[in-house]
Trainee: 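Once you've had a glance at the structure underneath, I'll fire off some questions.
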Amino acid sequence: MQKALTSHPGFKYSPEKKPRFTLIDDGDVIKCGGYHLQCVATPGHTQGHICLYEKDKKILFSGDHVLFDITPHIESWAYDTNSLADYLASLDKVYQLPVDLVFARTPEFSGKPERQN
């Protein structure tokens, strides 16, 4: 098995050391420089999707959750989850946040939000 792994063409891109991961959850805070980014669980696009919210600066890093001219793909990996209902509930959740600036997945989707009802 080890020979099969090491002969795979992608093996050369493997990290030299196993990276350490820290699992984050809704409400956890990541401190980075002068920012305190609160994790906001926003399932729907994927079950593990999160947004990062900087309360003091009113910034939302929305990833693929909030896009400006399209809706994200709503992913369902299991039939025991209603991903569309999760997505709609997640939209309601971030709608309640006071936000002045949104950084979406790409720069052309970022900017000042227009509140829609």
Side-chain angles (χ1 to χ4, degrees):
M1 180 63 132
Q2 187 63 32
K3 183 178 178 186
L5 289 173
T6 57
S7 64
H8 187 277
F11 183 77
K12 65 183 173 185
Y13 301 109
S14 298
E16 292 180 23
K17 289 180 14 178
K18 183 179 177 183
R20 284 186 12 185
F21 290 98
T22 301
L23 297 178
I24 55 176
D25 203 354
D26 192 44
D28 289 350
V29 175
I30 300 169
K31 295 177 185 174
C32 183
Y35 295 88
H36 293 83
L37 303 168
Q38 178 183 351
C39 299
V40 180
T42 52
H45 172 60
T46 63
Q47 284 305 302
H49 192 278
I50 63 161
C51 294
L52 298 174
Y53 176 59
E54 212 316 331
K55 183 179 179 179
D56 295 336
K57 295 175 178 51
K58 297 183 181 176
I59 298 172
L60 179 71
F61 294 88
S62 68
D64 280 334
H65 183 60
V66 177
L67 303 175
F68 288 85
D69 65 346
I70 61 173
T71 57
H73 172 74
I74 306 302
E75 189 64 58
S76 180
W77 291 84
Y79 292 108
D80 61 340
T81 302
N82 185 337
S83 296
L84 181 56
D86 290 345
Y87 174 69
L88 294 173
S90 294
L91 283 177
D92 288 339
K93 185 176 185 179
V94 297
Y95 183 80
Q96 303 303 319
L97 301 173
V99 174
D100 288 339
L101 185 60
V102 176
F103 290 103
R105 66 181 169 109
T106 58
E108 62 268 18
F109 291 125
S110 299
K112 292 190 175 277
E114 291 182 28
R115 296 230 172 227
Q116 306 273 328
N117 288 326

Trainee: Report whether Tyr35 and Phe103 are members of the same hydrophobic cluster (ILVMFWY, side-chain heavy atoms less than 4.5 Å apart, transitive linking).
Mentor: yes
Trainee: Provide the full list of side-chain hydrogen bond (donor to acceptor under 3.5 Å, both in side chains) pairs with a residue in residues 7-18, sequence neighbours left out, each pair given once.
Mentor: none
Trainee: Between Thr46 (side chain only) and His49 (backbone N and O only), is there a donor and an acceptor less than 3.5 Å apart?
Mentor: yes
Trainee: Return each pair, listed once, that meets salt bridge (Lys or Arg N to Asp or Glu O under 4.0 Å) where at least one residue sits in residues 19-28; pairs must be two or more places apart or across chains.
Mentor: Asp26-Lys93
Trainee: With side chains defined as the heavy atoms from C-beta onward, is the minimum distance between Cys39 and Leu52 less than 4.5 Å?
Mentor: yes
Trainee: Taking atom CD of Gln38 and atom SG of Cys51, what is their separation to the nearest 0.5 Å?
Mentor: 11.0 Å
Trainee: Measuring from Leu60:CG to Leu97:CG, what's the distance to the nearest 0.5 Å?
Mentor: 6.5 Å
Trainee: How would you list, by chain and number, every residue that makes a salt bridge (Lys or Arg N to Asp or Glu O under 4.0 Å) with Asp64, sequence neighbours excluded?
Mentor: Arg105
Trainee: Measuring from Leu101:CG to Phe61:CZ, what's the distance to the nearest 0.5 Å?
Mentor: 8.0 Å
Trainee: Residues in ring pair (Phe, Tyr, Trp, His ring centres under 6.0 Å) with Tyr53, at least two apart?
Mentor: none
Trainee: Name all pairs fulfilling the salt bridge (Lys or Arg N to Asp or Glu O under 4.0 Å) condition that reach into residues 30-59, sequence neighbours left out, sorted by first residue then second.
Mentor: none
Trainee: Do any N or O atoms from the side chain of Ser90 and from the backbone of Pro43 form a donor-acceptor pair under 3.5 angstrom?
Mentor: yes
Trainee: Of all residues at least two apart in sequence or in a different chain, which pass the side chain to side chain contact (heavy atoms under 4.5 Å, CB included) check with Leu88?
Mentor: Leu84, Leu91
Trainee: When rounded to the nearest 0.5 angstrom, what distance separates CD1 in Ile50 from OG1 in Thr42?
Mentor: 7.5 Å
Trainee: Between Ala104 and Ser62, which heavy-atom pair has the shortest distance, and what is it?
Mentor: CA-OG, 3.3 Å
